[in-house]
Protein chains: 2
Amino acid sequence: MASHTVENYLKALFALANKAGEVGISDLSDHLAVSKPSVNSMAKALQQDGFLKYEKYKPLKLTSKGKKVAALVVRKHRLTEMFLVEQMGFGWDEVHDIAEQVEHVKAPAFFDRMDELVGFPTVDPHGSPIPDAHGNVLEIDCVKLSECAVGEKVSLVGLSQSSKSLLSFLDSHGIALGHTFGILVVEPFDGSMTVEHQGAEARTFSLKVCERLLVRKEA
Amino acid sequence: MASHTVENYLKALFALANKAGEVGISDLSDHLAVSKPSVNSMAKALQQDGFLKYEKYKPLKLTSKGKKVAALVVRKHRLTEMFLVEQMGFGWDEVHDIAEQVEHVKAPAFFDRMDELVGFPTVDPHGSPIPDAHGNVLEIDCVKLSECAVGEKVSLVGLSQSSKSLLSFLDSHGIALGHTFGILVVEPFDGSMTVEHQGAEARTFSLKVCERLLVRKEA
DNA sequence: GTCAATTGTTAGAATACACTAACAATGTAG
DNA sequence: CTACATTGTTAGTGTATTCTAACAATTGAC
């Protein structure tokens with residue numbers, strides 16, 4: 001059984017992986033708030049256990065074993081978030097930190113029961129996909145709002161790097177998953193966008209916000 | 001913040017304490033399945049942190065600080081058990097192991113919410129009292145069934161050392177908290193007792209069972 | 001009261017995880 | 001292509017927690 005620490009390393013590796021599935025030691029070090037030498041020695045240990053491939057001076061890459069373990073931790077995290085919101089009445093901005101701890105519980109029945117009680121969801125409260133019990137992740141086809149052009153109609157399907165402050169921002173503006181936006185203006189100077197929200201009020205969002213909103217283009 | 005390990009030591013100390021609040025190193029060692037030298041050195045560390053009083057060759061004794069931390073862990077454990085049974089549909093024999101892990105989560109809001117959702121209970125599914133948010137435990141006045149005499153009427157209020165096997169035993173015999181018993185026979189030879197259950201069928205229980213059933217004498 | 005069993009202690013070492021300081025390799029700007 | 005910045009590595013340590021082997025203190029039986 002992987003320790004909490006190992007689970008956190010694998011989860012971070014999984015989250016930070018680029019298209020090629022590779023992650024630099026410094027990235028991990030920053031993300032986990034752990035020194036580079038610590039990451040370096042942990043990388044060697046994880047390689048010993050077959051969780052990743054490590055070669056001196058090369059980026060790290062999860063093996064399929066490592067990916068599976070990571071995905072299962074992510075599954076527990078996201079099911080927990082879902083459960084906290086749906087069954088326990090927490091706000092979507094409150095659940096991350098709790099889930100961060102609950103995800104390490106070793107009790108499949110506990111999570112299976114949550115899954116059942118929230119109706120076998122495929123995405124969590126932030127729109128991120130929930131891996132299945134085998135560790136397979138269903139990719140959702142979406143792009144950042146910031147990559148869309150004037151005139152397009154899109155709907156919000158998820159967030160990238162959701163943080164408490166982003167979530168409160170969205171809450172305070174009455175924005176939730178599933179809402180639709182029509183792009184009215186893209187400001188070339190700073191990348192900020194003016195959009196109509198739910199077919200009604202026009203709002204302007206900074207590039208920073210638009211980069212974190214994952215949307216699906218409407219037909 | 002106390003580590004999982006420290007929390008487990010304090011919880012065990014709390015559970016094993018005799019009337020005088022004292023616990024021997026060997027007891028702890030057995031209970032935690034850890035060697036005596038390990039307990040010994042942990043005892044010194046816990047004393048440094050003010051969780052207990054330790055003197056060479058004397059039994060350990062929790063300080064009030066230690067007792068409070070322990071009680072709060074027990075609180076989280078028992079609220080979790082309650083929540084698992086009442087809100088998630090688990091059986092009372094399935095919840096201990098899950099709660100054993102969930103109790104270490106550091107998120108007061110999580111447990112407060114459980115408390116609310118299960119209606120601020122004062123005892124857990126096994127009849128053990130749930131300490132309040134300040135770590136105070138309400139003592140319930142009960143005795144072991146094995147200490148009762150022929151002719152007494154009692155009701156089941158709790159279990160001491162409930163284990164999965166005891167719980168399945170009780171389940172399979174249709175016995176639950178609150179049930180009443182009238183003591184018909186106490187066998188002097190082996191301490192087994194014959195009782196009427198819920199005013200109906202007579203049953204015989206071994207001493208081993210009777211020592212684990214905590215009952216309140218009826219008026 | 002002495003002896004043996006029980007209980008507790010010391011010493012020494014191992015594992016998991018983290019750190020800092022110092023150095024080496026890589027990559028990029030000019 | 002060199003020079004500096006970035007990135008990664010090594011070496012040496014520290015803390016938390018565990019262990020075994022060996023020994024010491026306490027206690028209970030007679």
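Given the structure is predicted, the values throughout are model-derived calculations rather than measurements. Proteins come first, then strands; the chains are lettered A, B, ... in the order of their sequence lines, and each starts at number 1.
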(request) May I have the distance from A:Glu7 (atom CD) to C:dA16 (atom P), rounded to whole angstrom? (result) 16 Å
(message) Suppose the criterion is salt bridge (charged side-chain N to carboxylate O under 4.0 Å, His left out): which pairs have a residue in residues 64-77 of chain B, not counting sequence neighbours?
(response) B:Arg75-B:Asp115
(request) Whole angstrom is fine here: how far is it from CD in B:Glu22 over to P in C:dT7? (result) 15 Å
(request) Provide, to the nearest angstrom, the distance between the CD atom belonging to A:Gln48 and the C1' atom belonging to C:dA16. (result) 15 Å
(message) Once salt bridge (charged side-chain N to carboxylate O under 4.0 Å, His left out) is applied, what residue pairs with a partner in residues 79-104 of chain B remain, sequence neighbours excluded?
(response) B:Lys11-B:Glu100, B:Lys11-B:Glu103
(request) Quick one, give me the B/S/- string for nucleotides 8-21 of chain D, reading 5' to 3', where B means a protein heavy atom under 4.0 Å from the base and S means that only happens at the primed atoms, P, OP1 or OP2. (result) BBBB-----SBBBB
(message) Pairing donors with acceptors under 3.5 angstrom, does anything connect the side chains of A:Ser192 and A:Ser206?
(response) no
(message) Within the 4.5 Å heavy-atom criterion, are A:Leu13 and A:Phe51 side-chain neighbours or not?
(response) no
(message) Could you tell me if B:His104 and B:Asn8 have a donor-acceptor pair between their side chains, going purely by distance under 3.5 Å?
(response) yes
